[in-house]
Structures are given as C-alpha cells and as structure tokens.
Asks: 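What follows is a structure written as structure tokens; I'll ask about it next.
Residue numbers start from 1 in every chain, and the chains themselves are labelled A, B, ... in the order their sequence lines are given, proteins ahead of strands. Everything numeric here is computed off the predicted structure, so don't read it as measured data.
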2 protein chains.
Amino acid sequence: MSAKPSGARKNRSPRTSAQPQPAQEPRGEPSLSRERIVATAVELLDAAGVDGLTMRGLADRLGSGVMSLYWHVDNKEDVFDLALDAVLDYGGPPEIVESRDWRAEVAHMLEDWRANMLRHPWSASLLPRRALGPNILGRLELLSRTLSKAGVTDADLNAAIWSLWNYVMGATITRASFGPSDDDRAAAQQRLTRLGERYPTIERSRLLLDDDWDGTFRKGLDFLLDGLAPQRS
Amino acid sequence: MSAKPSGARKNRSPRTSAQPQPAQEPRGEPSLSRERIVATAVELLDAAGVDGLTMRGLADRLGSGVMSLYWHVDNKEDVFDLALDAVLDYGGPPEIVESRDWRAEVAHMLEDWRANMLRHPWSASLLPRRALGPNILGRLELLSRTLSKAGVTDADLNAAIWSLWNYVMGATITRASFGPSDDDRAAAQQRLTRLGERYPTIERSRLLLDDDWDGTFRKGLDFLLDGLAPQRS
DNA sequence: ACCTGAACACCGTTCAAGT
DNA sequence: ACCTGAACACCGTTCAAGT
C-alpha cells in the first residue's frame, strides 16, 4: 500500500483521455507500462503455459530488469489476474436485438465465452479462482438478463446461471487440459481394451476417443437448456 | 526407466497378498514406502494446498532426506498423480441393486464423487489434467452403464457422460476455488451494488451471495438430467 | 536395495540505491 | 517517478556416493 500506481484503478477510457505529457519519449523503447507487461504476459502464457510464466522470463522478454516489473505490478498473482481479465474482454452487450430465440442467444454467448478461453488455454483453469473481474461480471449480467427475459423464474435464475457456468467451465477446462495430444487418449483407450472385462461399456462407446469437442459441447449444452427451459404449462 | 520400482504396477490385491519377508523390520520407523509417501502427500495437500506441497516439505514430514523420496517416486508430478488417485478411490459398483430410479442412482453417484473431491479441495482442479486413473475409469464405467440401462441411446451416451462430467467438474472446481471465504464474495457483491447501474440483474438476484452450494449443485444436476432423460414418446 | 549430502540451475520478492 | 543489482530464502532434480 505505497504510492505505487499498482492498486489504483485505471482511467475509465484510457484510449480517449489525452496523455498529460504527450511528447515525452525521446527515443528507443517505449519503456515499461502496465499494458505492455500484461500483453507480454499473455504472449508468454500462450506460448509456455501457466508454469512457463516467470517474472524473470517476463522481464527478459520486455528487455528490462526483473524488479522493474514490480513498480507497475504488485506481484505475480497480480500479473495472472490482469492477464486473465485482458483475455476475457468482450464487446459488451451486442446490439439490443430483441430476438425471440433465447436459446440461440444463450448458446451463442456461451460458445463465444468458451472460444475466448480456448484461444488462451491457460485461462480456463485460472478463471474459477478469480471469477470477479468486470468482464466476467458483464458476461454474467448479460446471461442473467437473457434468461430472465426468456421466462426463467427468479427462484430458478441463480441455479440456472451457476449450472451454465459450471458446465462451461468444466467443459472448457477439460478440453484445454486434455489438450491437443490425441495420442494420450488413444493410448488410454487402448489400455481400456487391454483391460478388457473391467470397463466394457465405455470401451464399447469409445468414450475416450470422442474428439468432436465442439459438437459434444453443443449437445450437452442443449441437454442443459432443455432442462432449463421455462415450462409453458 | 531404471530398475526403480516407481514405474512398476502394484500388486493386484496388496491387502491379501502376503509379504515376502514378513518379519523384516527390526525396530523403529517403518522406513520409507510408496504408501507412506502418498498418504503424507495427501495430508500435506489437505493442509497446505497445491502450492504447499514441496518435495522438501514432504521429506521433512516423513523424517527423511529429500532425495530418498526419489527412490520410490519418479518426480513431483508422480506424487500428484498418486495422491489424486488415492483420493478418488471408491468402493466399486455397489450391490447390484436393480433400482428402477436411475435418476436417483446417477445423482447419488455424482454427489458422492463431488463429496469425495471436496474433502480434498486440491483434487478437483487437478483431476482434468490426469483423468485416466483406474478409479476414475471405474466411476465413468458405472455411470455409463447406469445411463445405458436407463434407456439413453448409444448415439447420446458419450455426450451425456461428458455433459455430466463437465458439470460435476465445473461445479466442484468452482466450489473448491471460491473456497470457504464468504467474505470475498460478500465484498464482491457489495462492489456490484456500488457499481450500481452496470449489473442490475445479478445484483438483484444476489448471484454472488448464493451459498447453498449443495442445493444449487443438485438443482443444476436436475436441470441436466431433465434434458438427458430418454424421451418415452 | 535403499538412502544421503552436495551441488546446479532455477524461483519470487525485499531492500537499499540509483537517476 | 521510474528503474536497478545484490541478496535472501526458497524450489526440483542430477550425480556420485554411501550402507
């Protein structure tokens, strides 16, 4: 809790507010900044995963000393938080289209959310630990509003949202963790076959070989939405 | 890939097979063993979380040198795998009760699974990364069998299982991550109120204050099972 | 067969300075 | 206001020995 800017909230609209001393940088590197640190952290995370992010490595990539980072950032945890929020940015509520098809709307929102996280595979497993950034709240608000307008009762609303949240998080984390290496799963499935008697059902259905991630996600989401759908008795 | 026992499969039934040299330990500490290491690792993880597990700390707790662990265990990853599998043990398929209520059966299985993971809060977020232990496979097999017997078509079976998996994982990881600190969530909810206009719907529904985890889990599971239920046209 | 200490190549972060 | 190097208290793991 010093005079460092780390804890301070950023400008509301950093893009439009003019810089106080605009003609300040004489030459060379634009020097360190919070934005640059976060952007580079995302790059590094994308390239090397959660374990690959290192304050030292981050500083190297920025061409600065390690300790210089700590002027702009509280600590490593802070870097994670900022990187996560940066990645979950979203365009805000889209045009207020009064679609009648709430199911398509919800499915689209959640597929977009998932796609965003899969573009940065480290983000999904990080998210539940720090769920409260403004971007996530915005997404939850939009989801909530859509469901409410669709006729989900107030009594069911929170359960509905958390159900969708749970489903999306579980699906995305699993997909990102099982990762691109199909070999592992093929090997696992073969192990099933070798074990023969013990797992006949999942062996027969080839559960571990299912690689239509997008289709499976959508199918399960449909199951859930079926159950969620407000009964029009 | 040396002569170390690390990679070797354990005895099929370690509890019933007699020890080769039963009267071998002359006195004192039972010395190191794979079982003791894993059990202590689980203790340490329960007490200190994922970041709290340290090879050095583990050795300390076992009263041995750090490097002694490496005789019984490949590396730290291995310790995680073993600890996770140890925690997900389950009693195998229960008595073959031919219950007609497949929904209650499935719900019970998944609630048990979730409860098991919540008893060791570090386990849930670890599981998707290493999903293939025999105990997990056993649970998936049982789930698969139950759904199949209930009338879920082969075409829907994998999607159904992955949906339930995703939901349970997401719910458990979220619950374990948000953790016992209600204060955080209360603070977050208050922040919502302060922000006022931006998140009216989730503020009104008090989404972030919902702390009936078990009830919400069950409710969402019911939504999903509603959608999953085989249509009897 | 089982255990050990020293050493290596790393970490995140504190602190006291520099400009 | 912003950046820095040295230092501290840690990590996981290799290696060459010990018994």
Asks: Using the closest heavy atom to pick a nucleotide of DNA chain C for each, name whichever of A:E77 or B:R56 lands nearer the 5' end.
Replies: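 Its nucleotide being nearer the 5' end, the pick is B:R56.
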Asks: Is the shortest side-chain N/O distance from A:S64 to OP1 or OP2 of D:dC3 below 4.0 Å?
Replies: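 The answer is no; no side-chain N or O of A:S64 sits under 4.0 Å from OP1 or OP2.
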Asks: Could you check whether A:M67 gets within reach of a base, just the sugar-phosphate, or nothing at all, counting any heavy atom under 4.0 Å?
Replies: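 Base contact.
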Asks: Using the rule given for side chain to side chain contact (heavy atoms under 4.5 Å, CB included), can you reason through A:W71 versus A:L32, listing the C-alpha separation, both sets of side-chain angles and the distance that settles it, and then say yes or no?
Replies: CA-CA 9 Å; A:W71 178 262; A:L32 235 36; over 6 Å; no
Asks: Ignoring hydrogens and angles, tell me if any N or O in the side chain of A:T174 forms a donor-acceptor pair with the backbone of B:P128 under 3.5 Å.
Replies: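 Flag not set: sc A:T174 to bb B:P128 has no pair under 3.5 Å.
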Asks: Under the side chain to side chain contact (heavy atoms under 4.5 Å, CB included) criterion, do A:E141 and B:R198 qualify, and how do the steps go?
Replies: CA-CA 8 Å; A:E141 168 71 17; B:R198 305 191 48 178; over 6 Å; no
Asks: Measure CG/A:L58 against C1'/C:dT13 and give the value in whole Å, please.
Replies: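 It works out to 15 Å between those atoms.
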Asks: Using OP1 and OP2 only, check whether a side-chain N or O of B:S68 sits under 4.0 Å from C:dC2.
Replies: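 Looking at the OP1 and OP2 atoms of C:dC2, neither is under 4.0 Å from any side-chain N or O of B:S68.
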Asks: So does B:W71 get a side-chain nitrogen or oxygen closer than 4.0 Å to the phosphate oxygens (OP1/OP2) of C:dC2?
Replies: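 Yes.
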Asks: Once you round it to whole Å, what is the distance between C1' of D:dT4 and CG of A:L62?
Replies: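 After rounding, the reported distance stands at 15 Å.
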Asks: Rounded to the Å, how far apart are A:Y70 OH and D:dA7 P?
Replies: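 Interatomic distance, OH of A:Y70 to P of D:dA7: 19 Å.
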Asks: Between B:F217 and B:R175, is there a cation-pi geometry (under 6.0 Å to ring centre, at most 45° from the normal)?
Replies: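 No - B:R175 does not lie over the ring of B:F217 by the 6.0 Å and 45° rule.
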